[in-house]
Amino acid sequence: SEIYTGLTALHRPDRITYPMNPPVGGDHNPAWMNCGVYTVTVPSELAVHSLEHGAVWITYLPTLPAEQIDMLKKLTKGGEFRLLSPDPEQDSPVIATAWGVQLKLQSADDPRLQEFVTKYENRKDGPEYGAPCSGAYGEPEK
């Protein structure tokens, strides 16, 4: 996984261009994306705020086989601080992102994905440990 440091964390209402996709942190919208499963792309500015609150954001190419997407949905629904959404513009089939760290994978059944989620989900050394990943924006799938 790649580690990124020196990330800013200002609240900004405008569209933000990030140096990588999906972004691993930086300035973000004042609202966060409610954690859970989404079948459409979500605004990066809101997802980055979720990362700040301890979320692990899993993104995938929409061309990923259905059974792999189902694996990702099951994994996402297994924790309170997990966010899943497709990203047609990312450069890897599956990408797991937490604040300041990112792991690119070729498939949903790579065991490193579960290890990443276990290590980084709602981690105590996150920038806003204890903040919620619900009660804001978005209606995740049940």
Return the minimal non-hydrogen interatomic distance between L51 and A98, and the atom names on each side.
CD2-CA, 4.0 Å
List the atom pairs, with distances to 0.1 Å, where a side-chain N or O of residues 57-66 and a protein N or O form a donor-acceptor pair under 3.5 Å, not counting sequence neighbours.
| unit_1 | atom_1 | unit_2 | atom_2 | d |
| --- | --- | --- | --- | --- |
| W57 | NE1 | S85 | OG | 3.0 |
| T59 | OG1 | Q90 | OE1 | 2.6 |
| T59 | OG1 | I95 | O | 3.4 |

Heavy-atom donor-acceptor pair, E121 side chain to F81 backbone, under 3.5 Å:
yes
Going by the salt bridge (Lys or Arg N to Asp or Glu O under 4.0 Å) test, which pairs reach into residues 84-98, not counting sequence neighbours?
D91-K104
According to a hydrophobic-cluster definition based on side-chain heavy atoms being under 4.5 Å apart (Ile, Leu, Val, Met, Phe, Trp, Tyr only), do Y18 and L46 belong together?
yes
Non-neighbouring partners of E80 that pass side-chain hydrogen bond (donor to acceptor under 3.5 Å, both in side chains), sequence neighbours left out:
none
Other members of the hydrophobic cluster containing L10, with the 4.5 Å side-chain heavy-atom rule, please.
none
Provide the closest heavy-atom pair for A96 versus L113 in the form atom of the first, atom of the second, distance.
CB-CD1, 3.7 Å
Among residues two or more places apart or on two chains, list those pairs meeting salt bridge (Lys or Arg N to Asp or Glu O under 4.0 Å) that have a residue in residues 43-54.
R15-E45
Set of side-chain hydrogen bond (donor to acceptor under 3.5 Å, both in side chains) partners for E2, sequence neighbours left out:
Y4
Please report the interatomic distance CG(L103) to CG(D110), rounded to the nearest 0.5 Å.
7.0 Å
Using the rule that two of Ile, Leu, Val, Met, Phe, Trp, Tyr join whenever any of their side-chain heavy atoms come within less than 4.5 Å, decide whether I69 and V117 are in one cluster.
yes
Here the pair of heavy atoms bringing S92 nearest to L105 is OG-O, 3.0 Å
Same cluster or not: are M20 and L83 linked, directly or through other Ile, Leu, Val, Met, Phe, Trp or Tyr residues, by side-chain heavy atoms under 4.5 angstrom apart?
yes
Say whether, by atom type as modelled, one donor and one acceptor occur between the side chain of H53 and the main chain of C133 under 3.5 angstrom.
no
By ring pair (Phe, Tyr, Trp, His ring centres under 6.0 Å), Y120 pairs with (sequence neighbours left out) F116
Hey, mind stepping through Y129 and N122 against side-chain contact (heavy atoms from CB on, under 4.5 Å) and telling me if it holds?
CA-CA 7 Å; Y129 177 72; N122 202 19; 3.7 Å; yes
At their closest point, which heavy atom of G26 faces which heavy atom of L7, and how far apart are they?
N-CB, 4.1 Å
Give me each pair satisfying salt bridge (Lys or Arg N to Asp or Glu O under 4.0 Å) with a member in residues 18-29, each pair once, sequence neighbours excluded.
R12-D27
Of all residues at least two apart in sequence or in a different chain, which pass the side-chain hydrogen bond (donor to acceptor under 3.5 Å, both in side chains) check with Q114?
T118
Donor-acceptor pairs under 3.5 angstrom involving side-chain atoms of residues 32-43: please list them, not counting sequence neighbours.
| unit_1 | atom_1 | unit_2 | atom_2 | d |
| --- | --- | --- | --- | --- |
| W32 | NE1 | S134 | O | 3.1 |
| N34 | OD1 | G135 | N | 3.1 |
| N34 | OD1 | A136 | N | 2.7 |
| N34 | ND2 | Y137 | O | 3.3 |
| N34 | ND2 | G138 | O | 2.8 |
| Y38 | OH | N34 | O | 2.8 |

Nearest non-hydrogen partners of V48 and P23, listed with the distance
CG2-CG, 3.5 Å
Can you tell me how the ring of H28 sits relative to the ring of H49, calling it parallel under 30°, perpendicular over 60° and tilted otherwise?
tilted
Is the backbone of L75 close enough, under 3.5 Å, to the side chain of R82 for a donor and an acceptor to pair up by distance?
yes
For residues 61-74, which residue pairs qualify under salt bridge (Lys or Arg N to Asp or Glu O under 4.0 Å), counting only residues two or more places apart or in two chains?
K73-E141
Of all residues at least two apart in sequence or in a different chain, which pass the side-chain hydrogen bond (donor to acceptor under 3.5 Å, both in side chains) check with S50?
none
